[in-house]
There are 2 protein chains.
Amino acid sequence: MRDDRFCNSNCPFTRAIGTIGNKWKPIIINVIGIRTIRFGQLASIIPLISRKVLTEQLKELEEDGLLERLAYKELPPRVDYKLSEKGLAFLPILEHIKEWNLKYEVAPISGDTDKKSRISYPG
Amino acid sequence: MRDDRFCNSNCPFTRAIGTIGNKWKPIIINVIGIRTIRFGQLASIIPLISRKVLTEQLKELEEDGLLERLAYKELPPRVDYKLSEKGLAFLPILEHIKEWNLKYEVAPISGDTDKKSRISYPG
DNA sequence: TATTCTGGTTACTAATGGGTAACTACAAAT
DNA sequence: ATTTGTAGTTACCCATTAGTAACCAGAATA
């Protein structure tokens, strides 16, 4: 999922894209936001992602220092995720992307324009 | 390459990720910047991308209104690409990503730390 | 005693991504 | 007459990605 050729670039921008440049990670970071959230909550808020892929993405985000993982030794297990300082510092960028899209997005060419048929998070 | 489930979301952020949330598009937009550039130049600046994929990405960027394509009816063919207003408006966001990475990137854990072995653009 | 609950992991399979090489057009240069 | 150059397109194939279903622990609940 991470592209080592990107992550080993000497260009900081390319390296950044190597770590967050896929479709799921920005979504996950945006969903977590400033709160602490559990694995199951994430999985239900983003139903289109499979648990397997969600696990992988969370692991990579943790390895890349965007995410903190707190596993309680309980049964049934409980795991809390929250953004690190680095992850939190990325939130404003996601805000900019949102605003950029709102300002410039072209209307969909075909299909229904009924906003109600759209879903909040891929699912 | 584009994920329709993302592009049809009612969340503007998710839609944005649907259009620019992959590894090549931010790189391409960043390389073009404010200049006008030809296909061959792009291909040589980003050698890791194959011409096939570069073509696909450019086509999608054009369809999504980030890119303007100017084909001259000459032989050999000449095609100029440049960012649209929407594309240009995305550049500051890429700048933020670059700064964010410089500020928070953790040092690579293993392998060579020799920056000279790093490449500027994936290739 | 059986079921539920959580946060995974694993094995297997299907779908997609992406690479390579060959090919196009035609003018200009060798 | 052949090669060169540009910006692709196409067919074919392999590698990676992602989905599905089954399985785990062990306490609490029914």
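Computed from a prediction, not measured in an experiment: that's the story for all the values here. Letters A, B, ... are given to chains in the order of the sequence lines, protein chains preceding strands, and every chain is numbered from 1.
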Asker: Rounding to a whole Å, what distance do you find between A:Asp4:CG and D:dT16:P?
Answerer: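 About 12 Å, once rounded to whole Å.
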
Asker: What's the NZ-C1' distance between A:Lys25 and D:dT17, to the nearest Å?
Answerer: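 That distance rounds to 13 Å.
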
Asker: Return the nearest nucleotide to the side chain of B:Arg51; candidates are D:dA11, C:dT10, D:dA7.
Answerer: D:dA7

Asker: With the threshold set at 4.0 Å, does a side-chain nitrogen-carboxylate oxygen contact exist between A:Glu63 and A:Arg2?
Answerer: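 Here A:Glu63 pairs with A:Arg2 in a salt bridge, since their nearest N and O are under 4.0 Å apart.
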
Asker: Would you say that A:Tyr81 contacts A:Ile28 through its side chain, given a criterion of any heavy-atom pair below 4.5 Å between the two side chains?
Answerer: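 No; the side chains remain at least 4.5 Å from each other.
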
Asker: Heavy-atom nearest nucleotide on DNA chain D for A:Lys23 versus B:Lys52: which residue maps closer to 5'?
Answerer: B:Lys52

Asker: Please tell me whether A:Phe6 and B:Trp24 form a close aromatic pair, meaning their ring centres lie under 6.0 Å apart.
Answerer: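 Yes, the ring centres sit under 6.0 Å apart.
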
Asker: Whole Å only: how far is the CG atom of B:Leu54 from the P atom of D:dT6?
Answerer: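 Value for this atom pair: 14 Å.
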
Asker: What's the CG-P distance between B:Asn22 and C:dT16, to the nearest Å?
Answerer: 16 Å

Asker: For the side chain of A:Phe39, counting heavy atoms from C-beta on, which of D:dA18, C:dG7, D:dT9 is nearest?
Answerer: C:dG7

Asker: Under a 4.0 Å heavy-atom cut-off, which of residues 72-82 of chain B touch DNA chain D?
Answerer: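 B:Pro76, B:Pro77, B:Arg78, B:Val79, B:Tyr81 - these, ordered by number, are the residues of the stretch whose heavy atoms sit under 4.0 Å from the strand.
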
Asker: A:Lys59 side chain: which of D:dG8, C:dT20, C:dT9 is closest?
Answerer: C:dT9

Asker: So which nucleotide from C:dG19, C:dG8, D:dT20 ends up closest to the side chain of B:Val53?
Answerer: C:dG19

Asker: Going by heavy atoms in the side chains, are B:Leu66 and B:Ile20 under 4.5 Å from each other?
Answerer: yes

Asker: Quickly work out the B:Gln41 CD to D:dG8 P distance and round it to whole Å.
Answerer: 13 Å

Asker: Salt bridge or not between A:Glu62 and A:Lys59? Use side-chain N to carboxylate O under 4.0 Å.
Answerer: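 No.
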
Asker: For D:dT16, does either OP1 or OP2 sit under 4.0 Å from a side-chain N or O belonging to A:Arg2?
Answerer: no

Asker: Taking CD from A:Glu56 and P from C:dG8, how many angstroms apart are they, rounded to a whole number?
Answerer: 13 Å

Asker: In whole angstrom, what separates A:Asp3's CG from C:dG18's P?
Answerer: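 Going from CG in A:Asp3 over to P in C:dG18 covers 10 Å.
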
Asker: Is any side-chain N of the basic residue among B:Glu60 and B:Lys25 closer than 4.0 Å to the acidic one's carboxylate O?
Answerer: yes

Asker: At less than 4.0 Å, is any side-chain N or O atom of A:Arg38 found next to OP1 or OP2 of C:dG7? Yes or no.
Answerer: yes

Asker: Considering only heavy atoms from C-beta outward, does the side chain of B:Phe13 approach that of A:Ile97 to under 4.5 Å?
Answerer: yes

Asker: What is the distance, rounded to the nearest whole Å, between atom CG of B:Leu58 and atom C1' of D:dT9?
Answerer: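 Taking CG of B:Leu58 and C1' of D:dT9, I get 14 Å after rounding.
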
